[in-house]
K.L.:
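First the structure, then my questions, so here it is.
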Amino acid sequence: MLALTRKKDESIIIGDNIEVKILGIEGDRVRLGIEAPREVTIHRQEVYEQIQEENKAASKSVIDKLKSLR
Amino acid sequence: MYHKWYILLLLRLDFKLAKAIYREEVDKMKLVTSNFGEINIPDDNIINFEKGIPGFETNTKYVIINDEDKNSPFCWLQSIEDPGLAFTLVNPYLVHEGYNPKFPTSQMEKLGEGSQEDYSVLSIVIIPDDIKEIRTNLMAPIVINLKTRKAAQIVTEGDNYPVKYYIFKQLEKNKAK
């Protein structure tokens, strides 16, 4: 992982067309602004991970169990 | 197409060869699945997930299998690349009254052109050992453009819906109706 230190209003450019800017810092919270092409999805890491985990759990679900609903 | 061959070859009394060709063509359209046995896959029934879904990026082709029970809120997303992989889906509108997800335009555009009635929204179901804990992902449902046959798992805008939404009670209620 690349570690950089930025101050408020400073930016990072990723690749050709993704910019991450520090919009503000309040206590332990950092407000980020992200400029990226529309087709690039941006998610909070924990959200993406949660979805991935749920999908994996879903793939392991035993479909026969649904019969106990009937 | 292969029907013609079959008949032509039969006429030539080349019965064995005709059967072999016919079976080969028909076999291409069949899938032997772990959960549903052998199923037929008509070409126009395949659903394409360009980037798969999170955790399953290499599975891009699926077919929907409906429940024999027509009153069931469930159907299944059967992977074509992996016959052992199938996701249970539920109609989210039947388990969450007033479900009204908003999808980012940029994500919807990837599914091609369509008007509202061309889209089907279904959410993935997780069935734990204790059936009472059955839940579905309302935050990121599967959106299918029925016209273009393109689909994706799209994260809804806003923080309105949970990734884990428990549906046992509502399913029991629906059954009682």
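Chain letters run A, B, ... following the sequence lines, proteins first, then strands; residues in each count from 1.
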K.L.:
Does atom CD of E172(B) have more than 12 heavy-atom neighbours, drawn from other residues, nucleotides or ligands, at distances under 6.0 Å?
P.N.:
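Yes, CD of E172(B) has more than 12 neighbouring heavy atoms, counting only those of other groups under 6.0 Å.
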
K.L.:
Got E53(A) and V163(B) here, is their nearest side-chain heavy-atom distance under 4.5 Å?
P.N.:
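No, their side chains stay 4.5 Å or more apart.
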
K.L.:
Counting only heavy atoms not in E19(A) (residues, nucleotides, ligands), do more than 12 fall under 6.0 Å from its CD?
P.N.:
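It does: E19(A) CD has more than 12 such atoms within range.
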
K.L.:
Can you tell me which of P37(A), S59(A), A57(A) forms the most heavy-atom pairs within a distance under 4.5 Å of chain B?
P.N.:
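Top count of heavy-atom pairs under 4.5 Å with chain B: S59(A).
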
K.L.:
Mind checking the CG-CD1 spacing from L69(A) to I127(B)? Nearest 0.5 Å is all I need.
P.N.:
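Going from CG on L69(A) over to CD1 on I127(B), the span is 8.0 Å.
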
K.L.:
At a heavy-atom separation under 4.5 Å, does I134(B) approach chain A through its side chain, its backbone, both, or neither?
P.N.:
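Only the side chain of I134(B) comes within 4.5 Å of chain A.
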
K.L.:
Please look at I124(B) and chain A and tell me whether the side chain, the backbone, both or neither of the residue comes under 4.5 angstrom of a heavy atom of that chain.
P.N.:
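For I124(B), the contact with chain A is made by the side chain alone.
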
K.L.:
For V125(B), is it the side chain, the backbone, both, or neither that has a heavy atom closer than 4.5 Å to a heavy atom of chain A?
P.N.:
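When you check distances to chain A, only backbone atoms of V125(B) fall under 4.5 Å.
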
K.L.:
More than 12 heavy atoms of other residues, nucleotides or ligands under 6.0 Å from NZ of K65(A): yes or no?
P.N.:
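Yes - once you tally the heavy atoms of other residues, nucleotides and ligands closer than 6.0 Å, there are more than 12.
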
K.L.:
Would a hydrophobic clustering, with Ile, Leu, Val, Met, Phe, Trp and Tyr connected at side-chain separations under 4.5 Å, put F87(B) with I80(B)?
P.N.:
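Different clusters.
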
K.L.:
Would you compute the distance between atom OG of S68(A) and atom CG of D130(B) and round it to the nearest 0.5 angstrom?
P.N.:
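Here the interatomic distance stands at 9.0 Å.
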
K.L.:
State plainly whether one hydrophobic cluster holds both Y93(B) and L171(B), where clusters connect Ile, Leu, Val, Met, Phe, Trp and Tyr through side-chain heavy atoms under 4.5 angstrom apart.
P.N.:
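Same hydrophobic cluster.
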
K.L.:
When rounded to the nearest 0.5 angstrom, what distance separates CD1 in I126(B) from NZ in K56(A)?
P.N.:
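Taking CD1 in I126(B) and NZ in K56(A), the distance rounds to 13.5 Å.
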
K.L.:
Taking CD in E26(A) as the centre, count heavy atoms belonging to other residues, nucleotides or ligands within less than 6.0 Å. Is the count above 12?
P.N.:
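Open.
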
K.L.:
To the closest 0.5 Å, what do you measure between CD (E54(A)) and CG (N137(B))?
P.N.:
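Reported value, rounded in 0.5 Å steps: 6.5 Å.
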
K.L.:
Can you tell me if CZ on R6(A) sees more than 12 non-hydrogen neighbours from other groups inside 6.0 Å?
P.N.:
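Counting other residues, nucleotides and ligands, CZ of R6(A) exceeds 12 neighbours.
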
K.L.:
Ignoring hydrogens, what is the shortest heavy-atom contact between L66(A) and W76(B)? Give both atom names and the distance.
P.N.:
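In this case the closest contact between L66(A) and W76(B) is CD1-CZ2, 3.8 Å.
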
K.L.:
I'd like to know if V121(B) and V90(B) are part of one continuous hydrophobic network [Ile/Leu/Val/Met/Phe/Trp/Tyr, side-chain heavy atoms within less than 4.5 Å].
P.N.:
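V90(B) and V121(B): one cluster.
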
K.L.:
Using non-hydrogen atoms and a 4.5 Å limit, figure out which bit of P104(B) sits close to chain A: side chain, backbone, both or neither.
P.N.:
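Answer is neither: P104(B) stays 4.5 Å or more from chain A.
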
K.L.:
To the nearest 0.5 angstrom, please state how far the CZ atom of R38(A) sits from the NZ atom of K110(B).
P.N.:
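Interatomic distance, R38(A) CZ to K110(B) NZ, rounded to 0.5 Å: 10.5 Å.
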
K.L.:
Measure the CZ-CD1 distance between F36(B) and I63(A) for me, rounded to the nearest 0.5 Å.
P.N.:
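Spacing of CZ (F36(B)) from CD1 (I63(A)) equals 4.0 Å.
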
K.L.:
If you count heavy-atom pairs under 4.5 Å with chain A, which of D129(B), L77(B), T105(B) comes out on top?
P.N.:
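Most pairs with chain A among the choices: D129(B).
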
K.L.:
Using a cut-off of 6.0 Å, state whether more than 12 heavy atoms not belonging to E46(A) lie near its atom CD.
P.N.:
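More than 12 within 6.0 Å, yes.
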
